[in-house]
Structures are given as structure tokens and as C-alpha cells.
Protein chains: 2
Amino acid sequence: MSPTHTGVTTTPRCRIRDILDRIGDKWTVLVIVELTDGPRRFRQIQHGVDGISQRMLTLTLRRLERDGLVQRTVYPTVPAQVDYRLTATGASLTDLLHDMAAWSRTHQHNIETARHHYDATHPDSDIR
Amino acid sequence: MSPTHTGVTTTPRCRIRDILDRIGDKWTVLVIVELTDGPRRFRQIQHGVDGISQRMLTLTLRRLERDGLVQRTVYPTVPAQVDYRLTATGASLTDLLHDMAAWSRTHQHNIETARHHYDATHPDSDIR
DNA sequence: CAGGATCCGGTGGGATACTG
DNA sequence: CAGTATCCCACCGGATCCTG
């Protein structure tokens with residue numbers, strides 16, 4: 001790689017997409033955050049993540065389990081009892097999520113100002 | 001907030017969604033990365049971001065401009081010449097993108113292993 | 001060159017009903 | 001309780017054609 005290169009990746013193609021494909025959807029990070037304080041059961045998570053449908057919670061948890069970010073444990077009781085907890089890999093995301101939240105907080109005001117200014121100076125734009 | 005709370009957010013609702021709504025789509029980070037080394041013109045970006053359609057490049061740049069992450073400059077030449085560059089706010093994303101890429105590199109192997117294991121032990125799952 | 005305008009298909013995700 | 005099974009639709013993004 002060129003010595004003057006100051007880009008983000010050290011490999012030919014962008015690694016950032018990897019993690020975005022994993023947490024960039026509508027619910028994943030909210031579910032992860034819900035698990036940061038310890039194991040939670042299905043209903044607990046659904047109650048904690050406002051607005052998530054039971055279908056999407058299932059899909060989100062399955063994907064997290066498949067990637068090894070969440071461990072699913074079934075207790076052979078009647079009725080069935082299941083809990084989910086972050087694995088070490090899943091928990092390692094916490095720092096990154098902190099950084100993302102920090103960036104949002106830091107730049108939130110600037111972005112909203114820029115946005116209002118754009119909307120004011122581009123009244124007939126349908127971007128939004 | 002409870003003193004034992006170790007979650008990610010310090011506000012009631014998750015700030016992480018803010019930034020994900022901004023960079024979580026298919027092309028935004030790739031375009032930003034393409035601009036990290038300095039101003040680029042429309043065709044240059046399109047050539048640098050493999051596979052992006054002209055429509056999506058336009059939309060992505062408009063959104064970045066609206067949020068004040070990218071500055072669009074039109075030079076009154078014939079034919080028109082336009083370049084895009086990161087603003088200070090946009091450039092401030094670089095560290096975050098570095099961290100995201102670093103996380104991906106660090107955990108890539110574990111995730112792929114977990115995934116293969118899941119697929120092997122759940123042969124009739126349609127998650128993928 | 002740098003886009004605007006359309007058309008169109010795939011899919012992410014919601015609502016609802018049912019089950020072990 | 002913890003899901004599974006369908007149906008359905010909005011919208012994200014691709015392809016193509018046109019313009020200042």
C-alpha cells in the first residue's frame with residue numbers, strides 16, 4: 001500500500017461493511033444493548049426493546065446466535081424457558097457501541113443544524 | 001439511572017441508531033472512505049466505489065451533504081465540474097470507522113467459525 | 001460531466017394466527 | 001412461554017433513458 005495512503009482500510013475491500021452488515025439493521029444493536037447487563041429471556045427482551053415484533057426478535061436473535069455473538073440456552077422446564085446472553089465476542093462490541101453513541105452525541109447538534117439549513121436552502125428537495 | 005447500570009446509553013433511548021441510520025446503508029461508508037484522501041469528483045467516486053449506480057451515488061452524496069458531512073462545490077465551467085470533500089464533521093468519522101474495521105478484523109475468524117458451526121448443527125435453518 | 005426522471009424487483013420488516 | 005407460519009407491503013436500490 002502506498003505510504004501516503006491515509007484511508008481507513010488496510011485490505012483491498014472495505015471491512016467496515018462486515019460489521020455494518022451485522023449490526024446495521026433496524027433491531028440488532030437494540031437487542032445487544034438489552035443484553036449488556038446479563039442474560040435475558042425472550043419476553044424480557046421483547047419488553048425492553050420497544051416496538052420490536054416477535055418475528056423480528058426471533059430473526060435477530062437467530063442471526064446473533066449464528067454469528068456467535070449471543071448464546072441461547074434452553075432449560076427443559078414446562079413451559080419452555082430460554083435465555084440469551086452475550087458471548088465474549090458479543091460483549092466485545094460494547095466499546096464500539098459506546099464510541100458510536102459518543103460520536104452521535106458529540107455531533108448531533110451540528111448535524112441537525114446542517115440539516116435544517118439544507119432543508120431551508122433546498123425547499124424542493126425530496127431527499128429527506 | 002441506576003448506579004449498577006452498565007449499559008451503553010446514557011439517555012433513555014438508544015443514540016446508536018442515530019449514527020446507524022446515517023451510515024448503516026449499503027453505500028455511505030464506502031463513499032466516505034473514498035473521500036478520506038481529499039476532494040473527489042463525481043466520476044472519480046463512482047469509479048472508486050465498485051458497483052455503485054449513479055442514482056445511488058447521487059442519493060448518498062445528497063444525504064451526506066444534507067447532514068453536513070460532505071461539502072459539495074460546483075465550479076462554473078463548461079461542462080459542469082463538481083467536487084465533494086469531507087467536512088470537519090465528516091472527517092471526524094474516520095476514527096470511528098477505523099475502530100469498526102479493527103473490530104471486524106479482530107473477530108472475523110471467530111464469527112466465521114461460529115457461523116459454520118451453526119450451519120452444520122442447524123442444517124434445516126433458513127436464516128443464513 | 002453530473003445528474004434528473006422512471007420503472008421495477010427483491011427484501012426487510014409489520015400484523016396476525018397458530019403450536020409444542 | 002417461546003416461538004413458527006403466512007400474508008402483505010413499503011421502500012431500498014438497480015437499470016435505463018434523458019438533459020443542462
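What you are looking at is a predicted structure, and each value in this text was computed from that prediction instead of being measured. So that the names make sense, note that chain A is the first sequence line, chain B the second, and so on, each numbered from 1.
Every ring pair (Phe, Tyr, Trp, His ring centres under 6.0 Å) that Trp103(A) has, sequence neighbours left out, goes to His107(A). With sequence neighbours excluded, no residue forms a ring pair (Phe, Tyr, Trp, His ring centres under 6.0 Å) with His117(A).
Taking the charged nitrogens against the carboxylate oxygens, Arg66(A) and Asp119(B) do have a contact shorter than 4.0 Å, which makes a salt bridge. Salt bridge annotation for Arg40(A)-Asp83(A): absent, with no cationic side-chain nitrogen under 4.0 angstrom from a carboxylate oxygen.
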I need a per-nucleotide contact map over nucleotides 15-20 of chain D, read 5' to 3'. Cutoff is protein heavy atoms under 4.0 Å; write B for the base, S for backbone only, - otherwise.
BB----

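Backbone-only contact: Tyr84(A) has heavy atoms under 4.0 Å from sugar-phosphate atoms and none from a base.
Both Gln44(B) and Arg63(A) sit near DNA chain C, but only Gln44(B) has its closest nucleotide nearer the 5' end. Residue order along DNA chain D, read from the 5' end via each residue's closest nucleotide, puts Asp83(A) first among Ile52(B) and Asp83(A).
Which of dT4(D), dG13(D), dA2(C) sits closest to the side chain of Thr58(A) comes down to dT4(D). Of the candidate nucleotides dA2(D), dC1(C), dG13(D), dG13(D) has the atom nearest to the side chain of Trp27(B).
Protein atom CZ of Arg62(A) is 12 Å distant from nucleotide atom P of dA2(D), rounded to whole Å. Atom C1' of nucleotide dG3(D) and atom CD of Glu65(A) are separated by 13 Å, given to the nearest angstrom. Atoms CG (Leu59(B)) and P (dG13(D)) sit 9 Å apart, rounded to a whole Å. When rounded to the nearest whole Å, the span between CD1 of Ile45(B) and P of dC1(C) equals 14 Å. Going from atom NZ of Lys26(B) over to atom C1' of dT11(C) covers 12 Å, rounded to whole Å. To the nearest angstrom, C1' of dG4(C) lies 10 Å from CG of Asp126(A). Atom-to-atom, CG of Asp25(B) to P of dC11(D) comes out at 16 Å; the value is rounded to the nearest Å.
Applying the 3.5 Å distance criterion, the base of dA2(C) shares no donor-acceptor pair with the side chain of Arg41(B).
At least one side-chain heavy atom of Ile19(A) sits less than 4.5 Å from a side-chain heavy atom of Leu93(A).
A donor-acceptor pair is defined here as one N or O able to donate and one able to accept, closer than 3.5 Å; no such pair exists between the side chain of Thr60(B) and the backbone of Trp27(B).
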Tell me, with the steps shown, if Thr28(B) and Asp25(B) meet side chain to side chain donor-acceptor pair (under 3.5 Å).
CA-CA 6 Å; Thr28(B) 297; Asp25(B) 73 312; 2.4 Å; yes

